[in-house]
Amino acid sequence: MKVKDAVVVVTGGSSGIGRASALAFARAGASVVVAARGESALEAVADECRERFGARALAVPTDVADAKAVEDLAARAVERFGRIDVWVNAAAVTVFGPFQETPLEDIRRVLDVNIMGCVHGARAALPVLREQEHGVLVNVSSIAGVVSQPYAPAYGMSKYAVRALGSSLRQELRLAGARHVKVCTVLPATIDTPFFQHAANHTGRRVVPMPPVYPPERTARAVVDVVRVPRREVVVGPVGRALILQSRLASGLVERMMALQVDRTHLSRHDTAAAGPGNLYDPAPGTGSVDGGWHGRRRTAVRRTAAVAALAVGTALGRRARQAAAR
């Protein structure tokens, strides 16, 4: 569908992927409604949409775990802009910790935000989209929704559930003849956002993003692109696509590899961390940010440069081999 002049609601819009997506839609000419718990961060995003791109923008403080609050969010969007063309469920939280040592209330909160937040968003958005006979619902899942990880079972469960929700909704819409309403799921790999600093943590070790780390704008582009040309599921990051393929071919091997990778690179071997709830129950203070300071853009550029160099060397060696064989 056409993104320019569309009305787009983005939950989790105060930071990370949600914020990057809101800015990407504003850049493309859409009117943007941003929702999250932190009011100052939301106002900062709305101001940036207006000042940088001249977009119409509305900030609506919302806890997506509260069904009534999400219904009010949808009502505010329709009241202000007359319709909703796109709804992006990007709000998410997580907790790291051994399963037996993670507080049950923390596990429940992750499931409430990540699963029920998408459920509430879908229930608020779909009646509007169906009445209009057009629109796109985008749910942000994760590679962790295909390949599970140790020390984050609640997050993995939630992201598997988000994929299942999308599949079920697509089937129901098809059976109801509502084929002009699309449901798409985006599965990012590791993204450079404040997500890791804000995570609840009961491991005793500092959480760092598991490499490779991609810039959040890459996921935002995927979100905008899947609205323009809807697809069932879109994976962000070549390593993520390779990991999903490997898991289909050798699931047991990938499980063992992932366990080692998380232990070696996702949890610091040198820096400790005090146990705490992160942003599970209260929003992070401040005006928020898109990136988490993990240098995702620079690392992506380095990987691309290395790949191009390797390709050039391989091409040159191949040319020399063919020339030698011709002699």
Side-chain angles (χ1 to χ4, degrees), residues 16-17 92-111 113-115 139-164 185-214 216 218-219 233-280 292 294-296 299-300 302-303:
I17 290 171
V93 294
T94 193
V95 56
F96 288 89
F99 178 67
Q100 293 292 148
E101 299 171 22
T102 302
L104 281 176
E105 58 268 27
D106 286 6
I107 293 175
R108 186 174 292 109
R109 177 63 178 173
V110 171
L111 301 181
V113 172
N114 296 7
I115 300 176
N139 295 321
V140 179
S141 179
S142 168
I143 294 301
V146 182
V147 180
S148 300
Q149 300 174 357
Y151 308 127
Y155 185 75
M157 286 190 293
S158 73
K159 294 306 183 178
Y160 271 82
V162 169
R163 290 184 66 216
T185 305
V186 176
L187 294 85
T190 305
I191 306 299
D192 177 9
T193 74
F195 184 72
F196 305 101
Q197 294 97 311
H198 295 165
N201 191 351
H202 301 281
T203 66
R205 300 160 65 182
R206 186 170 73 98
V207 177
V208 295
M210 186 168 59
V213 181
Y214 298 98
R218 187 165 186 155
T219 303
E233 292 189 344
V234 175
V235 179
V236 181
V239 171
R241 289 190 289 272
L243 191 59
I244 289 175
L245 177 60
Q246 291 169 2
S247 71
R248 290 170 179 165
L249 298 174
S251 57
L253 175 62
V254 170
E255 277 191 12
R256 294 191 293 273
M257 290 172 55
M258 181 58 70
L260 293 174
Q261 183 79 348
V262 168
D263 186 56
R264 291 173 179 174
T265 66
H266 209 358
L267 299 173
S268 174
R269 294 191 163 200
H270 309 290
D271 300 330
T272 60
N279 67 343
L280 287 183
W294 305 105
H295 309 296
R299 292 181 179 183
T300 298
V302 169
R303 286 194 300 272

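Computation of the quantities below employed the complete heavy-atom set of this structure, encompassing side-chain atoms and omitting hydrogens, waters and symmetry-equivalent molecules.
In this structure, Ser141 OG and Asn114 CG are separated by 9.5 Å, a value rounded to the nearest 0.5 Å. Rounding to the nearest 0.5 Å places CE of Met157 at 5.0 Å from CG of Leu111. In this structure, the separation between CG on Asn139 and NZ on Lys159 is 9.0 Å, given to the nearest 0.5 Å. Summarising the geometry, atom CD1 belonging to Ile191 is positioned 14.0 Å from atom CH2 belonging to Trp294; distances are rounded to the nearest 0.5 Å. Expressed to the nearest 0.5 Å, how far OG of Ser247 lies from CE of Met257 amounts to 11.0 Å. Distance check, rounded to the nearest 0.5 Å: CG of Leu280 to CZ of Arg108 gives 12.5 Å.
Legend: salt bridge (charged side-chain N to carboxylate O under 4.0 Å, His left out) pairs involving residues 243-261, not counting sequence neighbours: none detected.
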Given side chain to side chain contact (heavy atoms under 4.5 Å, CB included), test Arg163 with Val146 step by step and report yes or no. CA-CA 9 Å; Arg163 290 184 66 216; Val146 182; 3.4 Å; yes

Checking side chain to side chain contact (heavy atoms under 4.5 Å, CB included) for the pair Phe195/Thr94: CA distance, chi angles, key distance, verdict? CA-CA 8 Å; Phe195 184 72; Thr94 193; 3.4 Å; yes

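By the 4.5 Å heavy-atom criterion applied to side chains, Tyr151 and Val262 are counted as neighbours. Under the 4.5 Å side-chain criterion, counting only non-hydrogen atoms from C-beta, Gln246 is not in contact with Val147. Side-chain contact between Pro209 and Tyr214 is absent, with no heavy-atom pair separated by less than 4.5 Å.
Between Val239 and Pro212, the shortest heavy-atom distance links the atoms CG2-CG, 3.4 Å. His202 and Pro103 get closest at one heavy-atom pair: NE2-CD, 3.4 Å. Heavy-atom minimum distance, Ser158 versus Val110: OG-CG1, 4.5 Å. Nearest heavy atom pair, residue Ala200 against residue Pro277, reads CB-O, 3.4 Å.
Across Leu253, Ile143, Leu243, a single residue satisfies side chain to side chain contact (heavy atoms under 4.5 Å, CB included) together with Met258, and that is Leu243.
Side chain of Asp192 to backbone of Pro216: no donor-acceptor contact under 3.5 angstrom is found. Arg205 places a side-chain N or O within 3.5 Å of a backbone atom of Asp263 that can act as its donor or acceptor partner. In this structure a side-chain-to-backbone donor-acceptor pair under 3.5 Å is missing from Thr190 to Val213. Arg241 places a side-chain N or O within donor-acceptor distance of the main-chain N or O of Val235, the cut-off being under 3.5 Å.
Around the CZ atom of Phe196, the shell of radius 6.0 Å holds more than 12 heavy atoms that belong to other residues, nucleotides or ligands.
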Scan the side chains in residues 265-273 for donor-acceptor partners under 3.5 Å anywhere in the protein, sequence neighbours excluded, and list what turns up.
| unit_1 | atom_1 | unit_2 | atom_2 | d |
| --- | --- | --- | --- | --- |
| Thr265 | OG1 | Gln261 | O | 2.7 |
| His266 | ND1 | Val208 | O | 2.5 |
| Ser268 | OG | His270 | N | 3.1 |
| Ser268 | OG | Asp271 | N | 2.9 |
| Asp271 | OD2 | Arg206 | NE | 3.2 |
| Asp271 | OD2 | Arg206 | NH2 | 3.3 |

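Residues passing the side chain to side chain donor-acceptor pair (under 3.5 Å) test with Thr203, sequence neighbours excluded: Asn201.
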